[in-house]
Amino acid sequence: GGELRGLRFDRDEAGRVDLTVRDDGRGFPDEFQPALGMGLRVMNYRAGLIGGSLEILQRSGQTTVTCTVEEDGLDRARSSANHTPVIRRE
């Protein structure tokens, strides 16, 4: 498992809110399918409840997960459980 290497909360002038968590773990295997795992599906579902989206960025020796939501989305609950989170590899 990885160790936490960063936790960041940002809000821009347009009202977009980002919560970013970064670790030094080994990431996901190349054949990983996010629609099959429960952990990412639950995180994505919870992001969707507040109108947000989930993005995972993998780099060698580092994984970054960012939940982004428009500030006004925090006032309304809706489910986007049918959406798959985006995983980018660099």
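- Just one residue in the list L7, L4, T63 forms a side-chain contact (heavy atoms from CB on, under 4.5 Å) with D23, and that residue is T63.
- Heavy-atom minimum distance, V65 versus M43: CG1-CE, 3.7 Å.
- Atom CZ in R59 sits 6.0 Å away from atom OG1 in T64 (nearest 0.5 Å).
- For the pair D10 (side chain) and D18 (backbone), a donor-acceptor distance under 3.5 Å is absent.
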Checklist entry - side-chain contact (heavy atoms from CB on, under 4.5 Å) between T66 and L57: does it pass, once the steps are laid out? => result CA-CA 8 Å; T66 301; L57 173 62; over 6 Å; no

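- The nearest pair of heavy atoms linking C67 to A47 is SG-CB, 3.7 Å.
- Between the side chain of R89 and the main chain of Q58, no donor-acceptor pair closer than 3.5 Å is present.
- Note that the CD1 atom of I56 and the CG atom of N44 stand 7.5 Å from one another [nearest 0.5 Å].
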